[in-house]
Amino acid sequence: MNSQSHFLSILLIVFLASFSFSFSSNVPEDPLVLDHHHHQSDHDEYIKPSPTISRTSRLAILSSASAAYHSASAKNIVVIVDRYGAKGDGGDDTQAFRKAWTKACSSQRGVDLVVPKNRNYHLKPNNFSGPCKSPITLKIYGTIKASPKRSDYRNDSRHWIVFENMTNFRVEGGGTIDGNGRIWWQNSCKVKESLAVTFFGCINLQVDNIRFQNPQKKHLLFRECVNVKASNLIVTAPEDSPNTDGIHVTGTQNIQIRNCLIRTGDDCISIVSGSRNVRATDIICGPGHGISIGSLGAGNSEAEVSDVIVSGAKMTDTTNGLRIKTWQGGSGYAYNIRFKNIMMDNVSNPIIINQYYCDQDEPCQEQVRYVHDVNLSKFNVCH
């Protein structure tokens with residue numbers, strides 16, 4: 001197959017009935033049981049231990065959340081960040097955003113939290129935490145930009161913006177979130193920080209019609225969330241920007257990624273351990289490193305990914321197309337992975353399944369345990 005392929009139409013269905021790392025692990029029968037003690041992937045730092053949640057408890061939470069959302073008043077309260085001291089003139093607006101968030105989160109009625117257009121709001125690292133008393137819609141019309149001062153990250157060098165423990169939370173508006181990443185790219189190609197716009201432990205989350213650009217590291221990270229819709233997003237960074245994954249999914253269940261344009265310096269979409277029921281449709285990817293499952297099993301860890309469908313993607317000028325990458329020595333599985341209706345143009349490595357992934361300066365040590373039992377039940381390529 002010519003690496004500089006003209007348009008490829010690819011129908012790839014990968015059934016990994018036992019895509020195991022050494023000894024075979026049983027696929028969980030209950031798709032809603034979370035075990036956060038084993039969900040680990042390379043370069044993921046924002047990890048908080050949490051108890052296992054049973055199917056019954058999780059369904060009760062979702063039912064309650066849905067009822068609260070639909071019973072909320074149709075007329076939301078409007079909270080504008082400028083009224084809490086935000087200037088949007090390039091100065092530090094962190095405290096004003098915190099005050100506006102506190103007001104919105106404490107409201108007994110639904111809230112529209114507004115970031116006005118034609119302004120640039122600079123923020124230091126900050127956690128916007130729930131649970132909140134009512135649903136919040138964050139309407140970003142202007143630009144939120146990371147502080148350009150690295151000294152602002154002394155107290156928290158691992159995160160920038162984190163939305164945590166939110167239910168029925170929506171982000172929309174057509175505005176821009178800019179990670180101001182060049183100061184980070186110039187200093188280090190490999191940083192341990194998870195500096196990204198992070199959604200952690202959210203239920204019933206929607207992120208729609210937002211531009212993410214120039215992140216310090218990853219653009220957008222969904223960690224341990226349930227019921228997520230990410231749609232109509234524009235995600236961009238220069239082709240040579242290091243480790244700037246577009247959308248990173250870890251420990252997240254029931255997520256739909258739809259109608260997104262992703263041009264970046266690393267994976268357009270990366271899906272790692274603990275993720276289930278992932279659907280990515282109508283994705284335009286390139287430049288970048290394609291769409292990846294993994295890496296999985298780094299540091300002899302256990303990793304599980306299942307029920308992933310990527311459909312209707314178009315990849316142009318990417319180093320890779322579709323990739324599954326696992327480390328030696330890990331354990332777990334990748335199960336029921338399907339790629340279909342994929343178009344590729346000028347893709348160097350259209351399809352890769354790498355069971356000896358090694359992303360470090362020194363050669364990886366040979367280990368007995370490795371990924372095996374990879375079954376390709378249907379693989380059809382048309383020129």
Side-chain angles (χ1 to χ4, degrees), residues 46 76-181 183-184 193-202 205-223 225 233:
Y46 194 83
N76 286 353
I77 294 173
V78 177
V79 175
I80 303 174
V81 295
D82 289 12
R83 294 177 182 173
Y84 293 83
K87 302 297 183 183
D89 58 2
D92 178 23
D93 289 311
T94 306
Q95 290 300 325
F97 271 66
R98 288 174 180 170
K99 292 177 182 178
W101 181 264
T102 299
K103 174 65 176 178
C105 193
S106 62
S107 173
Q108 299 289 348
R109 291 169 54 188
V111 175
D112 290 341
L113 179 56
V114 178
V115 178
K117 63 181 180 180
N118 300 324
R119 298 189 184 183
N120 290 278
Y121 300 89
H122 280 210
L123 297 185
K124 298 177 182 179
N126 196 73
N127 275 41
F128 297 99
S129 299
C132 295
K133 293 185 177 180
S134 297
I136 294 178
T137 299
L138 175 58
K139 294 180 176 290
I140 302 174
Y141 299 118
T143 297
I144 295 175
K145 196 168 186 178
S147 170
K149 300 177 182 179
R150 293 195 59 153
S151 59
D152 287 340
Y153 295 81
R154 288 174 183 169
N155 294 331
D156 186 355
S157 63
R158 297 192 173 202
H159 311 104
W160 177 37
I161 293 178
V162 179
F163 297 99
E164 181 178 1
N165 198 20
M166 294 294 297
T167 300
N168 296 326
F169 181 46
R170 183 179 176 94
V171 182
E172 62 182 27
T176 299
I177 298 179
D178 189 331
N180 213 359
I183 61 172
W184 298 91
E193 292 79 1
S194 296
L195 292 164
V197 178
T198 300
F199 295 89
F200 178 79
C202 297
L205 169 68
Q206 296 185 51
V207 183
D208 180 70
N209 189 26
I210 296 291
R211 178 187 292 270
F212 296 87
Q213 64 187 32
N214 301 327
Q216 302 99 327
K217 194 177 178 183
K218 296 176 175 66
H219 287 81
L220 184 57
L221 191 158
F222 297 102
R223 178 183 291 282
C225 298
L233 306 180

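All residue numbers refer to positions in the sequence shown, counting from 1. Excluded from the calculations below are hydrogen atoms, water molecules and symmetry mates; all remaining heavy atoms, backbone and side chain alike, are included.
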Counting only N and O atoms by type, is there a donor-acceptor contact under 3.5 Å from the side chain of [X] to the main-chain atoms of [Y]?
{"X": "T176", "Y": "D178", "value": "no"}
{"X": "S107", "Y": "A104", "value": "no"}
{"X": "T198", "Y": "L221", "value": "no"}
{"X": "N180", "Y": "A146", "value": "yes"}

#### Entry: Full working for side chain to side chain contact (heavy atoms under 4.5 Å, CB included) between Q213 and I177
CA-CA 6 Å; Q213 64 187 32; I177 298 179; over 6 Å; no

Close side-chain approach of [X] and [Y], heavy atoms under 4.5 Å:
{"X": "I210", "Y": "I140", "answer": "yes"}
{"X": "P125", "Y": "N155", "answer": "no"}
{"X": "L138", "Y": "R170", "answer": "no"}
{"X": "T167", "Y": "C202", "answer": "no"}
{"X": "K139", "Y": "V115", "answer": "no"}

### Query
Are the aromatic rings of F163 and F200 close, with centres under 6.0 Å apart?
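Aromatic pair excluded; centres sit 6.0 Å or further apart.
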
### Query
Between Y153 and W184, is the gap from one ring center to the other below 6.0 Å?
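Yes, the ring of Y153 comes within the 6.0 Å limit of the ring of W184, centre to centre.
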
Shortest non-hydrogen separation from [X] to [Y] and the atoms involved:
{"X": "F169", "Y": "I136", "result": "CD1-O, 3.2 Å"}
{"X": "P215", "Y": "K217", "result": "CG-O, 3.0 Å"}
{"X": "K218", "Y": "A196", "result": "O-CB, 3.1 Å"}
{"X": "V81", "Y": "A100", "result": "CG1-CB, 4.0 Å"}
{"X": "A96", "Y": "Y84", "result": "CB-O, 3.3 Å"}

Between [atom1] of [X] and [atom2] of [Y], what distance do you get to the nearest 0.5 Å?
{"X": "T137", "Y": "N168", "atom1": "OG1", "atom2": "CG", "answer": "9.5 Å"}
{"X": "N209", "Y": "L233", "atom1": "CG", "atom2": "CG", "answer": "8.0 Å"}
{"X": "F128", "Y": "E164", "atom1": "CZ", "atom2": "CD", "answer": "12.5 Å"}
{"X": "K124", "Y": "I161", "atom1": "NZ", "atom2": "CD1", "answer": "14.0 Å"}
{"X": "S134", "Y": "I77", "atom1": "OG", "atom2": "CD1", "answer": "8.0 Å"}
{"X": "F199", "Y": "L205", "atom1": "CZ", "atom2": "CG", "answer": "5.5 Å"}

### Task
Answer with yes or no whether the side chains of D92 and T94 bring together a donor and an acceptor at under 3.5 Å.
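Result is yes, a qualifying pair exists.
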
### Message
Could you check whether R109 and N76, counting side-chain N and O atoms only, form a donor-acceptor pair closer than 3.5 Å?
### Response
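Distance-only check fails for N76 and R109.
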
### Message
Can you confirm whether more than 12 heavy atoms, excluding those of D89, are under 6.0 Å from its CG atom?
### Response
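Yes, enclosed.
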
### Message
Tell me yes or no: SG of C132 and SG of C105, less than 2.5 Å apart?
### Response
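Yes, because the SG atoms of C132 and C105 sit under 2.5 Å apart, which meets the disulfide cut-off.
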
### Task
Indicate yes or no: does D93 engage K87 in a salt bridge with an N to O separation below 4.0 Å.
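No.
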
### Task
List the steps, then state whether side chain to side chain contact (heavy atoms under 4.5 Å, CB included) holds for I144 with L123.
CA-CA 7 Å; I144 295 175; L123 297 185; 3.6 Å; yes

### Message
Using the rule given for side chain to side chain contact (heavy atoms under 4.5 Å, CB included), can you reason through V79 versus V114, listing the C-alpha separation, both sets of side-chain angles and the distance that settles it, and then say yes or no?
### Response
CA-CA 6 Å; V79 175; V114 178; over 6 Å; no

### Task
Kindly determine whether V207 and F212 satisfy side chain to side chain contact (heavy atoms under 4.5 Å, CB included), including the steps that lead there.
CA-CA 11 Å; V207 183; F212 296 87; 4.1 Å; yes

### Message
Test of understanding: with ring pair (Phe, Tyr, Trp, His ring centres under 6.0 Å), list the residues that count as partners of Y121, not counting sequence neighbours.
### Response
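Y121 satisfies ring pair (Phe, Tyr, Trp, His ring centres under 6.0 Å) with F97 once adjacent residues are dropped.
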
